Amino acid sequence: MAENGPACYVYGVVPDEKGAQGEQVDQAVKDLPAVGTVGDENSPITFIRHGGLAAVVSEVPTSKPLGTPDDLRAHAGVLDTLAASGMPVLPLRFGMVVRDPRAVTDELLTEGHDDFGWALDRLRGSAQFTLRARYVQDEVLREVLEEHVEARRLREELEGLPEAAGYDLRIQLGQLVVEAVGAKREADAREIEHRLAPFALAVATSEPASAEGVVNAAFLIEDHKRKAFEQAAEELAQEWHGRVRLRLLGPQAPYDFVADALSRGEEGG
């Protein structure tokens with residue numbers, strides 16, 4: 001490979017499926033936008049096969065830094081398309097570049113063969129769904145004022161006061177509201193998990209970045225439980241309509257469950 005020539009960008013690892021299913025998957029991803037695409041020059045998504053596994057790759061110029069929003073979308077687009085096809089997929093972290101196809105075979109697929117095969121077997125027949133929950137801010141503030149006598153009292157005292165005169169009261173009210181919303185957030189996050197976790201093989205939660213966020217929750221869902229899971233999520237969305245906005249994404253590649261899938265624990269000896 002010449003300096004600054006193309007290298008292999010690796011999206012993830014899948015089983016090397018034969019026959020019609022393998023051809024169908026090949027067709028599904030080959031024309032998707034690739035990471036590192038410049039203008040209309042799109043590198044096709046291809047597979048490097050070895051030992052029953054296949055690395056999902058495209059050519060990427062080594063002279064161009066990665067990390068644009070388009071690159072991130074392309075990375076997820078390839079992996080999520082594979083997941084939606086029913087193919088088990090082990091996503092690799094964004095930015096995985098290997099110097100050439102031979103290195104993909106020798107350094108990735110050969111060295112990681114047993115762990116990758118183990119993980120893909122554990123992930124077969126399932127996909128990730130991610131639920132993002134955000135408060136409708138005006139509604140949750142109305143709830144706080146209805147439920148907390150002290151909050152109502154402070155707000156009433158502040159009405160008509162000059163900004164400088166009500167400074168301390170505004171600090172008190174702000175702290176009370178933050179604490180009350182925090183308690184609601186914890187309770188509502190628990191309710192989401194209580195309602196949806198029974199359908200999942202595994203759950204991973206993270207705190208949202210915004211003040212209106214309730215929780216970001218990832219669920220690993222088996223294919224035969226997908227319909228029931230989606231119905232339960234829809235019922236929760238209807239109950240919380242006007243109070244919490246729920247957005248369900250999926251099927252996705254199992255980004256939040258890679259470490260667990262690769263961990264053999266006591267089973268691996």
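Only a predicted model underlies this, so the values are computations on that prediction, with no experimental measurement involved. FYI, side chains are in, hydrogens and waters are out, and symmetry mates aren't considered; it's all heavy atoms of this structure. Positions are given from 1, in the same order as the sequence printed here.
- Atom-to-atom distance recorded for Phe94:CZ and Asp71:CG is 4.5 Å, nearest 0.5 angstrom.
- The side chain to side chain contact (heavy atoms under 4.5 Å, CB included) test with Val89 is passed by exactly one of Asp80, Thr81, Leu123, Leu79: Leu79.
- Among residues at least two apart or in separate chains, side-chain hydrogen bond (donor to acceptor under 3.5 Å, both in side chains) pairs with a member in residues 244-253 are Thr130-Gln252.
- Between Glu139 and Arg243, no side-chain nitrogen of the basic residue sits less than 4.0 Å from a carboxylate oxygen of the acidic one, so the salt-bridge criterion is not met.
- Taken together through direct or relayed side-chain contacts under 4.5 Å among Ile, Leu, Val, Met, Phe, Trp and Tyr, Leu72 and Ile45 form part of one hydrophobic cluster.
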- Task: Before giving the answer on side-chain contact (heavy atoms from CB on, under 4.5 Å), spell out for Ser43 and Val60 the whole-Å C-alpha distance, their side-chain angles and the decisive distance to 0.1 Å.
- Result: CA-CA 8 Å; Ser43 173; Val60 64; over 6 Å; no
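- Partners of Arg102 by side-chain hydrogen bond (donor to acceptor under 3.5 Å, both in side chains), not counting sequence neighbours, listed by chain and number: Asp106.
- Remark: side-chain polar atoms of Thr110 are not paired, donor with acceptor, to backbone N or O of Glu107 under 3.5 angstrom.
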- Message: Please determine whether salt bridge (Lys or Arg N to Asp or Glu O under 4.0 Å) holds for the pair Lys184 and Glu147, giving the CA-CA distance in whole Å, both sets of side-chain angles, and the decisive distance to 0.1 Å.
- Response: CA-CA 11 Å; Lys184 282 182 173 294; Glu147 297 166 4; 3.0 Å; yes
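- The main-chain N or O of Leu246 is never found under 3.5 Å from a side-chain atom of Arg132 such that the two would form a donor-acceptor pair.
- In the model, Ser263 has no side-chain atom that pairs as donor or acceptor with a side-chain atom of Asp260 under 3.5 Å.
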- Message: Tyr11 vs Tyr9, test: ring pair (Phe, Tyr, Trp, His ring centres under 6.0 Å). Steps then yes/no.
- Response: CA-CA 7 Å; Tyr11 300 82; Tyr9 184 90; 4.8 Å; yes
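- Side chains of Asp256 and Gln128 form a contact here, defined as non-hydrogen atoms less than 4.5 Å apart.
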Side-chain donor-acceptor pairs under 3.5 Å in residues 218-237, sequence neighbours left out?
residue: Asp223; atom: OD1; partner: Arg226; partner atom: NH2; Å: 3.3
residue: Gln231; atom: NE2; partner: Glu235; partner atom: OE2; Å: 3.3
residue: Glu234; atom: OE2; partner: Gln238; partner atom: NE2; Å: 3.1

